[in-house]
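Below: the structure, in structure tokens.
Computed from heavy atoms alone, side chains included, the values below leave out hydrogens, waters and symmetry copies.
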Amino acid sequence: MKFLYHPDQKQITLAGVLYALGDPVRLEIVRLLATKGEQCCADFDFAIAKSTMSNHFKILRESGVVLTRKEGTQHINTLRQEDLETLFPGLVDAVLKSAKPMVLPSATQN
């Protein structure tokens, strides 16, 4: 089983979090996790390559924004809200309030 790196809370940096939130697709992933709760990678039906989505999740995970756990063949993602709130009070809420939901074409649309 492949090891999934997650930084300890003390290793999470503001620059890393802001970088992760700076991409529209990653910001939409975080917005959906914040509103819907934990989800598996397959629940995000964006019309982009699977490898690109994997890279987005890797950046979110390695920056400390999300926690990913494996259940069988699925990767379940959870927003690290408590850790982020402890380190950067109000940051995620402020970013999400100012971000409008992104209209991404889904892979199932023709």
Side-chain angles (χ1 to χ4, degrees):
M1 180 161 80
K2 185 177 175 186
F3 172 75
L4 296 174
Y5 171 77
H6 296 90
D8 290 330
Q9 184 186 46
K10 63 185 176 197
Q11 296 173 311
I12 298 172
T13 66
L14 179 59
V17 171
L18 292 176
Y19 172 76
L21 296 176
D23 180 88
V25 173
R26 292 192 295 267
L27 184 57
E28 182 65 7
I29 291 168
V30 170
R31 190 187 69 74
L32 291 170
L33 288 172
T35 57
K36 295 183 177 183
E38 70 178 19
Q39 296 185 39
C40 69
C41 293
D43 291 341
F44 297 92
D45 191 24
F46 299 164
I48 57 178
K50 186 176 178 181
S51 60
T52 303
M53 282 299 288
S54 293
N55 189 55
H56 284 309
F57 280 107
K58 178 182 176 187
I59 291 169
L60 288 167
R61 186 181 69 249
E62 292 183 353
S63 67
V65 176
V66 300
L67 179 69
T68 305
R69 72 178 192 284
K70 287 190 80 161
E71 285 188 9
T73 60
Q74 303 221 345
H75 290 85
I76 310 297
N77 299 283
T78 307
L79 184 61
R80 290 179 69 173
Q81 185 71 35
E82 274 187 41
D83 288 336
L84 295 171
E85 187 62 28
T86 298
L87 293 167
F88 317 111
L91 175 69
V92 175
D93 287 338
V95 169
L96 293 177
K97 282 180 185 173
S98 67
K100 294 183 174 37
M102 187 175 182
V103 179
L104 294 170
S106 72
T108 57
Q109 286 182 339
N110 292 334

Side chain proximity check, Val17 to Ile12, heavy atoms < 4.5 angstrom: yes
Does the side chain of His56 reach to within under 4.5 Å of the side chain of Cys41, using non-hydrogen atoms? no
Val65 with Phe46, same ILVMFWY side-chain cluster at under 4.5 Å: yes
Among residues at least two apart in sequence or on other chains, which ones pass side chain to side chain donor-acceptor pair (under 3.5 Å) with Thr68? Asn77
Tell me whether Asp43 contacts the main-chain N or O of Cys40 through its side chain, where contact means a donor paired with an acceptor under 3.5 Å. yes
Could you give me the CA-CA distance, side-chain angles and deciding distance for Val92 and Gln81, then say whether side-chain contact (heavy atoms from CB on, under 4.5 Å) is met? CA-CA 8 Å; Val92 175; Gln81 185 71 35; 3.9 Å; yes
Going hydrophobic residue to hydrophobic residue with side-chain gaps under 4.5 angstrom, can you get from Leu96 over to Ile59? no
Within the structure provided, determine whether Met53 and Ile48 are in side-chain contact (heavy-atom separation under 4.5 Å). yes
To the nearest 0.5 Å, how far apart are CG in Leu33 and CZ in Arg80? 13.0 Å
Is NZ or CZ of Arg26 both nearer than 6.0 Å to the six-membered ring centre of Tyr19 and within 45° of the ring axis? yes
Can you check whether Val95 reaches Phe88 side chain to side chain, under 4.5 Å on heavy atoms? no
With His75 via side chain to side chain donor-acceptor pair (under 3.5 Å) - residues at least two apart: none
The side chain to side chain donor-acceptor pair (under 3.5 Å) partners of Thr78 (sequence neighbours excluded) come to Glu38
State yes or no: do Val30 and Leu14 share one hydrophobic cluster built from I, L, V, M, F, W and Y residues joined by side-chain heavy-atom distances below 4.5 Å, directly or via other members? yes
Which residues satisfy the side chain to side chain contact (heavy atoms under 4.5 Å, CB included) test with Ala99, sequence neighbours excluded? Leu27
How long is the gap from NZ on Lys50 to CG on Asn55, to the nearest 0.5 Å? 14.5 Å
For Arg61, check side chain to side chain donor-acceptor pair (under 3.5 Å) against everything at least two apart and list the hits. none
Quick check for you: to the nearest 0.5 Å, what is the distance between Leu21 atom CG and Ser63 atom OG? 7.0 Å
Say you draw a straight line from CD1 of Ile29 to CZ of Phe57; how long is it, rounded to the nearest 0.5 Å? 4.0 Å
Kindly say whether Asp8 contributes a backbone atom to a donor-acceptor pair with the side chain of Gln11 at under 3.5 angstrom? yes
Apply salt bridge (charged side-chain N to carboxylate O under 4.0 Å, His left out) to Glu82 and list each qualifying residue two or more places apart in sequence or on a separate chain. none
Below 4.5 Å, heavy atoms only, C-beta onward: do Leu18 and Leu91 meet side chain to side chain? yes
Side chains of Gln39 and Ile76, heavy atoms from C-beta outward: is any pair under 4.5 Å? no
Just how far is it from atom CG of Leu67 to atom CG of Leu60, taken to the nearest 0.5 Å? 12.0 Å
